[in-house]
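Working notes, beginning with the structure itself.
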Amino acid sequence: MLAMNYRGPKRVRIDHKPMPEILHPEDAIVRVTRSCICGSDLHLYNGNVPDTRVGTTFGHEFTGEVVEIGSEVTKVKVGDNVLVPFNIACGKCAFCRQELYGNCHESNSQATAVGAIFGYSHTAGGYDGGQAEYVRVPYANVGPTVIPEGMDLDDAVLLTDVVPTGYQAAEMAGIQPGDTVMVFGAGPVGIMAAKCAWLFGAGRVMIIDHIDYRLEFAKNYAQCEAYNFEEIGDLAVFAKKQTDSLGADVCIDAVGAEAAGNAMQTITGRKLLLQAGSATALHWAINCVKKGGIVSIVGVYGPTDNLVPIGNVLNKGLTIRANQASVKRLLPRLIEHVQNGILNPKELITHRIPLEEVAEGYRLFSAKLDNCIKPVLIPPSVKS
Amino acid sequence: MENTDFINKRGADYKHIKGWGIDADPKNDPTYPMKRRTNEEHKGYTWERPTQQAQTVEILHSIERPNLTAVFGTSVPPSGLSGMIRRMAFKKSENEYGHWLPLILADRVNVVEGVIDDFMHGTFPNIFVEKGYVAQWRHDKPGLFAKLAVVAAITAGAVFLMTRKNDDD
Ligand SMILES: NC(=O)c1ccc[n+]([C@@H]2O[C@H](COP(=O)([O-])OP(=O)(O)OC[C@H]3O[C@@H](n4cnc5c(N)ncnc54)[C@H](O)[C@@H]3O)[C@@H](O)[C@H]2O)c1
Ligand SMILES: [Zn+2]
Ligand SMILES: [Zn+2]
């Protein structure tokens, strides 16, 4: 089968790989119908996630058709079209049973500090991902969800990560009616977070980035204010001026380790890897939020350390809430929102790229070329 | 758990301490609504585990846990020099630089191993294609030319320095 193959930092290609096999009675094999490239994949692509082995297939956002199931699989059957949450979760451990599906204790042997994620390095479990024609899906009784009748595959594939992550970013921010919300990052996740902030009753939503086409898109899609951090000057001063000197009620970091905007952070975090990515957006979030406010982090950082003003967290009495999105927990509500037209995720998809051109897809998304918001890879077996 | 290093010694009776628990407030839960708190963790690693996946390839596991997870990924088992470095790294916990820095080093060594592996299979990696420069060519020619110019300048500089050294001999 065809599968994306990681060869080293910023080098990926399409290759033939052996078909995945059932290795556990709860496994399913899924024929992929859609597979996205995500901002999270860029951390791998740039070589910033420890234990990213050459030969791995990435891809944690995918839909597909079940083509084979193990002996203990009862919740899906061959022929089902499913959307597959990016977290691999057992459903039985103490964490899964408390709906922390992003923090399962029975799916990632390599690390206790990260749950398991499809196609996301050995630090996240060593599973091959869905940027391929076929993929092994463990714990098929837990993750895969049959795509509701009539739902567009493009909507379904974004329900595997972008929508729940954006939604959880807003949820963790504890937004109260009337709150002023600052969202850092106008990628798919930040845009979705800004959109979802309204669902929790935000009174004002501002999104921050430095790529104008994305800000323009965010402004229209999420009906929010959009600001280019290269033009507005010092972010903390901007935030204080916008809030009568008090600070935003909540700040959301939807940028993570590839943040731009501060040379020292970029050099130490992205070039020299002296910290687990550049923490510029998180630094700004901490300094822009009000005293006693909440900072919600969904931007992903590596497993070592980052330079952030933790003293300000203390002195301002901030609450920090963060996690990998618990996709399964949120799916019922979010499927409803999509079906009722409250959220239109598929509008985020700007590029449909044949799986065979995966290397171009990565470059396009990583260098933010051709006004790309969200690219989706289409395997050759799928018509359109 | 057969591994006796991992014990569960929690939840002793502290009622003899005056005031113990009088202000406990289950609603004071910063994890809500992300978590349906049941405090199951207090019981330790005692849940009914999923069927154990058979181990068919080498899987490294964090020393912060007693066993392999019930299910695990089997892609790209450790091999070669990078594999040796990874095995060493897994002797240290996730709490140590001694774990993560060798893993990053192993990743870089692995890239070289990947190129050698390609050669052994008679292929020469097409770096231009792998780096996706086709997309850059299509959508950002100035950017691509700038990149190539930098590479050319660095190469020319290096050649210049090397030949100059030779002249000095
Ligand atoms: N927690 C989760 O479950 C989860 C799930 C998916 C993605 N993520 C993470 O969310 C982040 C965003 O993902 P994405 O797909 O939207 O990525 P993306 O790369 O498309 O978007 C990131 C955006 O941030 C902007 N940016 C860079 N520096 C900035 C700064 N200092 N301030 C404000 N904006 C800045 C970039 O220009 C870019 O538009 C990534 O870190 C990704 O790993 C987390
Ligand atoms: Zn993702
Ligand atoms: Zn679990």
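So you know, we letter chains A, B, ... as the sequences are listed, proteins then strands, and number each from 1. Note that the structure is predicted; figures quoted are calculated from it, not measured.
Counting heavy-atom pairs closer than 4.5 Å to chain A, the top residue among B/E48, B/R138, B/K43, B/E113 is B/R138. No other option in B/I104, B/T31, B/V76 has as many heavy-atom pairs under 4.5 Å with chain A as B/V76. Residue with the most contacts toward chain A among B/K35, B/H99, B/H61: B/K35 (heavy-atom pairs, distance under 4.5 Å). Highest contact tally toward chain A, considering only B/A89, B/P78, B/A106, is held by B/P78 [criterion: heavy-atom pairs under 4.5 Å]. Comparing B/D118, B/V112, B/N126, B/D140 by heavy-atom pairs within less than 4.5 Å of chain A, the highest count is held by B/D118. If you tally non-hydrogen atom pairs under 4.5 Å between each of B/I63, B/I59, B/L60 and chain A, the highest count goes to B/L60.
Of the possible polar contacts, none joining the A/R11 side chain to the B/P125 backbone as a donor-acceptor pair under 3.5 Å is found.
For A/A322, the part lying near chain B is the backbone, with the side chain staying farther off; criterion is any non-hydrogen pair under 4.5 Å. Using a 4.5 Å cut-off between heavy atoms, B/P77 contacts chain A through its backbone alone, with no side-chain atom that close. Within the 4.5 angstrom heavy-atom criterion, only side-chain atoms of B/F90, from C-beta onward, approach chain A.
Taking the six-membered ring for Trp and the full ring otherwise, A/H105 and B/Y45 have centroids separated by under 6.0 Å.
B/E130 contributes atom CD, which lies 13.5 Å from atom OH of A/Y362 (distance to the nearest 0.5 angstrom).
Surrounding NZ of A/K368 are more than 12 heavy atoms belonging to other residues, nucleotides or ligands, all under 6.0 Å away.
Under the 3.5 Å distance criterion, with hydrogens and angles disregarded, no donor-acceptor pair is assigned to the side chains of A/E26 and B/T51. Checking A/S109 against B/T69 by side-chain atom types alone, a donor-acceptor pair falls below 3.5 Å. With hydrogens and angles left out, the side-chain atoms of A/Y6 and B/N110 include no donor and acceptor closer than 3.5 Å.
For residues 114-122 of chain A, a heavy-atom distance under 4.5 Å to chain B picks out A/H122, given by residue number.
Residues A/E360 and B/Y133 have side chains not in contact (no heavy-atom distance under 4.5 Å, counting atoms from C-beta outward).
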Could you go through A/Q98 and B/E41, starting from their C-alpha distance and side-chain angles, then the distance that decides it, and tell me whether this counts as side-chain hydrogen bond (donor to acceptor under 3.5 Å, both in side chains)?
CA-CA 10 Å; A/Q98 296 177 90; B/E41 305 89 321; 3.2 Å; yes
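Closest heavy-atom contact between A/R321 and B/P30: NH2-O, 2.9 Å.
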